[in-house]
Undergrad: 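Pasting a structure here, questions to come.
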Amino acid sequence: MTRHARNCTAGAVYTYHEKKKDAAASGYGTNTQRVGKDSVKNFDCCCLTLQPCREPVVTKDGYLFDKEAILEYILTRKKEYARKLKEYEKQKQKEEEELHEKTVNEELLKLQNFLKGEKNIVSSSKSKLNESGSSVSNMSNGKEKALPSFWIPSKTPEAKEIKLQKPDKTIYCPLSGKALKVKDLIPVKFTEVKDPDDKKSLITKEARYMCPITHDILSNSVPCAVIKTTGDVVTMECVEKIIKKDWINPLDSTKITEADIIPLQRGGTGYSAVNDCLEGKHERPVLQA
């Protein structure tokens, strides 16, 4: 019977610890590591700035943004679209000019071929005389326009122009990838925790917000939802046990529907998401056989 120790090499099985240790020492393969709490943003932080929202708004898919940050993002995308459209129109105009020039050259070539055919009708003696006196210059018959320019990158034979596609005018959400419009942004209203004994600022508090109906503390571990009509953030437990009974908002006693409940996406950065893909990967060279 073999020894059951960490560094025991008498076993017939290649253990997980030995595999991990050898992979780290070899410098090959993919390293994986579970991300920590510092890589996950809080539920009340903007998905772009990763900072607490001063004026929070939410999309129809439940992604929270700071209004200033998301409007700046939309404006930047519109400017980028205008720039790409200008380049595309410039390319299109250039293609039209090249097509027009090609048509003119074809017409000119047809005319030259016609005149050349007419000259062949004359007597053989005159044709011989014309052949003896013809020019041998490489600049004749319009060839001076086709001279190569090897010192200009766009004129070299290897240079290929990149053909631009018409840019898409639609602005997409940076997280969900769906179409995003300013009118679809819904203002969000968080209910602060009222504690007269706690003199800390709102940013430094761990328990900053609560559900306005059940007074439960909101956090990353508590699934939340936004009521579309009022913008209040409540817990999903409150939605299931209280709101869905009569479909009445307890805060203002108005009728709501299931479409008015927007599940709030919990914390996550561009690097990781909560309860999904919480593993960072570092790909290294693969050892070839």
Side-chain angles (χ1 to χ4, degrees), residues 30 47-49 57 59-61 63 65 67-185 270-271 277 281-286 288-289:
T30 302
C47 293
L48 288 176
T49 63
V57 292
T59 63
K60 294 186 293 184
D61 300 309
Y63 291 100
F65 295 99
K67 189 174 183 180
E68 181 181 355
I70 192 62
L71 290 181
E72 185 177 354
Y73 169 81
I74 293 174
L75 183 61
T76 303
R77 289 297 179 186
K78 286 185 177 180
K79 288 182 179 179
E80 186 177 357
Y81 166 75
R83 179 183 61 81
K84 289 183 177 180
L85 183 63
K86 191 174 181 180
E87 291 178 357
Y88 173 75
E89 290 177 348
K90 187 177 179 180
Q91 174 189 269
K92 193 174 179 181
Q93 183 180 2
K94 184 179 178 181
E95 289 177 353
E96 291 177 355
E97 291 176 356
E98 290 177 353
L99 182 61
H100 177 69
E101 185 178 356
K102 185 179 179 181
T103 306
V104 172
N105 290 337
E106 288 177 355
E107 294 293 333
L108 182 61
L109 183 61
K110 288 180 181 179
L111 180 60
Q112 290 177 351
N113 291 335
F114 175 76
L115 295 176
K116 188 176 181 180
E118 289 292 325
K119 287 181 180 180
N120 291 334
I121 302 176
V122 298
S123 62
S124 59
S125 59
K126 288 186 177 181
S127 64
K128 289 181 181 179
L129 182 62
N130 290 337
E131 288 177 1
S132 62
S134 61
S135 175
V136 295
S137 173
N138 61 349
M139 304 288 285
S140 61
N141 297 327
K143 290 183 179 179
E144 66 276 2
K145 295 183 179 179
L147 286 176
S149 299
F150 294 99
W151 52 88
I152 302 176
S154 60
K155 296 286 186 178
T156 56
E158 294 82 7
K160 294 182 180 179
E161 295 184 1
I162 300 174
K163 191 172 182 180
L164 301 176
Q165 301 294 331
K166 188 174 182 179
D168 190 1
K169 191 177 182 180
T170 308
I171 298 173
Y172 298 96
C173 177
L175 291 171
S176 65
K178 297 181 181 179
L180 179 65
K181 297 181 180 179
V182 178
K183 64 180 182 180
D184 295 334
L185 299 175
Y271 177 66
C277 299
K281 292 185 178 181
H282 172 59
E283 296 181 357
R284 300 183 295 178
V286 180
Q288 300 291 336

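Count residues from 1 along the sequence. Side chains included, hydrogens not; waters and symmetry mates left out as well; all remaining heavy atoms used. Fair warning: this is a prediction, and the values are worked out from it, not measured in the lab.
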Undergrad: Show your working on side chain to side chain contact (heavy atoms under 4.5 Å, CB included) between Thr59 and Asp184 and close with a plain yes or no.
TA: CA-CA 6 Å; Thr59 63; Asp184 295 334; over 6 Å; no
Undergrad: Can you measure from CD (Glu101) to CG (Leu99) and round to the nearest 0.5 angstrom?
TA: 10.5 Å
Undergrad: Quick one, Gln93 and Glu97 - any side-chain contact, counting heavy atoms below 4.5 Å?
TA: yes
Undergrad: Do Leu180 and Ile70 have side chains that get closer than 4.5 Å, going by heavy atoms?
TA: yes
Undergrad: Suppose we screen for salt bridge (Lys or Arg N to Asp or Glu O under 4.0 Å). Which residues come up paired with Glu80, at least two apart in sequence or across chains?
TA: Arg77, Lys84
Undergrad: With rounding to the nearest 0.5 angstrom, report the NZ to CG distance, Lys60 to Leu185.
TA: 10.5 Å
Undergrad: Should we say atom CD of Gln165 is surrounded by more than 12 heavy atoms from elsewhere, each under 6.0 Å from it?
TA: no
Undergrad: List in chain and number order the residues that pass side chain to side chain contact (heavy atoms under 4.5 Å, CB included) with Gln91, two or more places apart in sequence or in another chain; answer none if no residue qualifies.
TA: Tyr88, Glu95, Lys163, Leu164
Undergrad: Under the side chain to side chain donor-acceptor pair (under 3.5 Å) rule, collect the residues that match up with Lys92, sequence neighbours excluded.
TA: none
Undergrad: State which residues pass side chain to side chain contact (heavy atoms under 4.5 Å, CB included) with Ser176; sequence neighbours excluded, sorted by chain then number.
TA: Asp61, Tyr63, Cys173, Lys178
Undergrad: Check this for me: Glu98, atom CD, are more than 12 non-hydrogen atoms of other residues, nucleotides or ligands nearer than 6.0 Å?
TA: yes
Undergrad: Testing the basics here: between Ala179 and Tyr172, what is the closest heavy-atom pair and its distance to 0.1 Å?
TA: N-CD2, 3.9 Å
Undergrad: First locate atom CG of Asn105, then atom NE2 of His100, and finally report the distance between them rounded to the nearest 0.5 Å.
TA: 9.5 Å
Undergrad: List in chain and number order the residues that pass side chain to side chain donor-acceptor pair (under 3.5 Å) with Thr170, two or more places apart in sequence or in another chain; answer none if no residue qualifies.
TA: Asp168
Undergrad: Apply side chain to side chain donor-acceptor pair (under 3.5 Å) to Glu87 and list each qualifying residue two or more places apart in sequence or on a separate chain.
TA: Arg83
Undergrad: Can you tell me how far apart OH (Tyr73) and CD1 (Ile171) are? Round to the nearest 0.5 Å.
TA: 8.0 Å
